[in-house]
Asks: 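Pasting in a structure now, in structure tokens, and then I'll have a few things to ask.
In this chain, residues are counted from 1 in sequence order. Computed from a prediction, not measured in an experiment: that's the story for all the values here.
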Amino acid sequence: MDIAEAAAKTFRAAALSSTLHTLKSEDFQVADISGKKVSDIVYESGMTKGPGRDFYDEVMDGRDEDLCPMCRHTEVTELDHVMPKKAFPALCVAPDNLVAVCGFCNFKKGDDTTEDAGKVLLHPHFEDAATERWLEAEVTPRGAGVLRYFVAPPLHWEGVFADRVCHQFDFLELGKRYSSKANQTLSGMRQHLTDQLRANGTSGLRRHLEGLAASHRADDLNGWAGVAYSSWAADEAFCQGSFITS
């Protein structure tokens, strides 16, 4: 228990200082017991299927939102370890290391670890990239409104932090996942936007899109929806009707 408590304190200090990328797996082992065995006994048997199940459910039920905090794309379905439980066994039941996520992100993360600081995924509840705008998109040429999402880190961001945001975007396939969401949204909005263009012209449609972007960005500055509407509003061809399909 002393090992787990000390590990949890070390982890929390690193999370609060955005230095999770400096933690080493070898510093979070349990003497003479493999990480897999600790995980199986303490987490799998003790928490998910044993007396600690109430805590598991408390973490799942205590979240503020239904969307996965790792991707902001898919609904939460399961509990995940920020630092993999088999590689960091002393953290397998540390409260701060447990985050409710979607199945896609949990599967993609798996048990992999890395020595590359720029590839350590962010802790969604401590290492906050949501207060500054970093997600952008552009309308693809001849794409009828199809968007390509990309990361544009603020220039003042520390190098490793910017690398981690870029890696997380690529690793969790957020560009493809966000573009798919935007395409689905545009399909359902196409008739409405066509009516707006015919009634109010190019400038009227642009104002309408800018209003939708502002509303979505007020809720989530880097959400795929707000970025989509901003990008469509900024594209002259789109506001002239390039999104209209025969």
Asks: Within the supplied structure, the quantity of interest is the number of heavy atoms (other residues, nucleotides, ligands) at a distance under 6.0 Å from E26 CD; does it exceed 12?
Replies: yes

Asks: Taking side chain as C-beta onward, heavy atoms only, is Q168 less than 4.5 Å from M70?
Replies: yes

Asks: Quick one: are F150 and R148 in side-chain contact, heavy atoms under 4.5 Å?
Replies: yes

Asks: Treat each ILVMFWY residue as a node, draw an edge where side-chain heavy atoms are under 4.5 Å apart, and state whether F104 and L174 are in one component.
Replies: no

Asks: To the nearest 0.5 Å, what is the distance between CG on L91 and OG1 on T10?
Replies: 8.5 Å

Asks: How about L135 and Y178: do any of their side-chain heavy atoms sit closer than 4.5 Å?
Replies: yes

Asks: Just do the side chain to side chain donor-acceptor pair (under 3.5 Å) check on S230 and R217 with the steps written out, would you?
Replies: CA-CA 9 Å; S230 290; R217 283 193 181 276; 3.1 Å; yes

Asks: Check the pair K176, E173 against salt bridge (charged side-chain N to carboxylate O under 4.0 Å, His left out), reporting the backbone distance first and the verdict last.
Replies: CA-CA 6 Å; K176 179 173 69 176; E173 302 178 25; 3.0 Å; yes

Asks: Is there side-chain contact between K86 and H81, with at least one heavy-atom pair below 4.5 Å?
Replies: no

Asks: Any link between V160 and L20 through a network of hydrophobic side chains (Ile, Leu, Val, Met, Phe, Trp, Tyr) touching at under 4.5 Å?
Replies: no

Asks: Which distance, rounded to the nearest 0.5 Å, do you find between the OG of S180 and the CD of Q184?
Replies: 4.5 Å

Asks: Step by step, would you call T202 with E236 a side-chain contact (heavy atoms from CB on, under 4.5 Å)?
Replies: CA-CA 8 Å; T202 297; E236 186 66 25; 4.0 Å; yes

Asks: So if you build clusters from Ile, Leu, Val, Met, Phe, Trp, Tyr with side-chain heavy-atom gaps below 4.5 Å, do W232 and I244 land together?
Replies: yes

Asks: Please name the pair of heavy atoms, one in V146 and one in S179, separated by the smallest distance, quoted to 0.1 Å.
Replies: CG1-OG, 4.3 Å

Asks: Decide if atom NZ of K119 counts as having more than 12 heavy atoms of other residues, nucleotides or ligands within a radius under 6.0 Å.
Replies: no

Asks: Locate the shortest heavy-atom distance separating S231 from L147; write the atom from each residue and the value.
Replies: CB-CD2, 3.9 Å

Asks: Would you confirm whether T77, through its side chain, and C102, through its main-chain N or O, come within 3.5 Å as a donor-acceptor pair?
Replies: no

Asks: I'd like to know whether M83 forms a side-chain contact (heavy atoms from CB on, under 4.5 Å) with F28, so could you lay out the CA-CA distance, the side-chain angles of the two residues, the decisive distance to 0.1 Å, and finally the verdict.
Replies: CA-CA 10 Å; M83 307 303 279; F28 293 86; over 6 Å; no

Asks: Which heavy-atom pair separates A129 from F161 by the least distance, and what is that distance?
Replies: CB-CZ, 3.9 Å

Asks: Same hydrophobic cluster for L221 and L212, using side-chain heavy-atom links shorter than 4.5 Å among ILVMFWY?
Replies: no

Asks: If you group Ile, Leu, Val, Met, Phe, Trp and Tyr by side-chain heavy-atom gaps below 4.5 Å, do L98 and V120 land in one group?
Replies: no

Asks: Is any side-chain heavy atom of V165 closer than 4.5 Å to a side-chain heavy atom of W157?
Replies: yes

Asks: Would you mind reporting whether V99 and P69 have side-chain heavy atoms less than 4.5 Å apart?
Replies: yes

Asks: Using 30° and 60° as the class limits, which term best fits the ring planes of H216 and Y229: parallel, tilted or perpendicular?
Replies: parallel

Asks: First locate atom CG of L205, then atom CG of L193, and finally report the distance between them rounded to the nearest 0.5 Å.
Replies: 6.0 Å

Asks: How about N97 and F88: do any of their side-chain heavy atoms sit closer than 4.5 Å?
Replies: no

Asks: Shortest non-hydrogen contact from W134 to P154?
Replies: CB-CD, 4.1 Å

Asks: Enter the distance from F126:CZ to L16:CG here, rounded to the nearest 0.5 Å.
Replies: 5.0 Å

Asks: Is there a donor-acceptor pair under 3.5 Å between the side chain of R190 and the backbone N or O of F243?
Replies: yes

Asks: Ring centroid separation for H208 and H192, is it under 6.0 angstrom?
Replies: yes

Asks: Starting at CH2 of W224, measure out to NE2 of H73 and round the result to the nearest 0.5 Å.
Replies: 8.0 Å

Asks: Any salt bridge (Lys or Arg N to Asp or Glu O under 4.0 Å) involving residues 127-136? Give me the pairs, sequence neighbours left out, ordered by first then second residue.
Replies: E127-R164, R133-E136

Asks: Are R177 and Y149 in a cation-pi setup, meaning NZ or CZ lies under 6.0 angstrom from the ring centre and within 45 degrees of the ring axis?
Replies: no

Asks: Could you measure the distance from the SG atom of C68 to the CG atom of L172? Nearest 0.5 Å is fine.
Replies: 8.0 Å

Asks: Answer whether the closest heavy-atom distance between the side chains of V76 and V101 falls below 4.5 Å.
Replies: no

Asks: Does the side-chain contact (heavy atoms from CB on, under 4.5 Å) test come out yes or no for V30 and I33, once each step is laid out?
Replies: CA-CA 6 Å; V30 177; I33 307 177; 4.0 Å; yes

Asks: Identify the two heavy atoms, one from C239 and one from A233, that lie closest to each other, and give their separation to 0.1 Å.
Replies: SG-O, 3.5 Å

Asks: If you compare all heavy atoms of T113 against all heavy atoms of P84, which two are closest, and at what distance to 0.1 Å?
Replies: CG2-CG, 4.1 Å

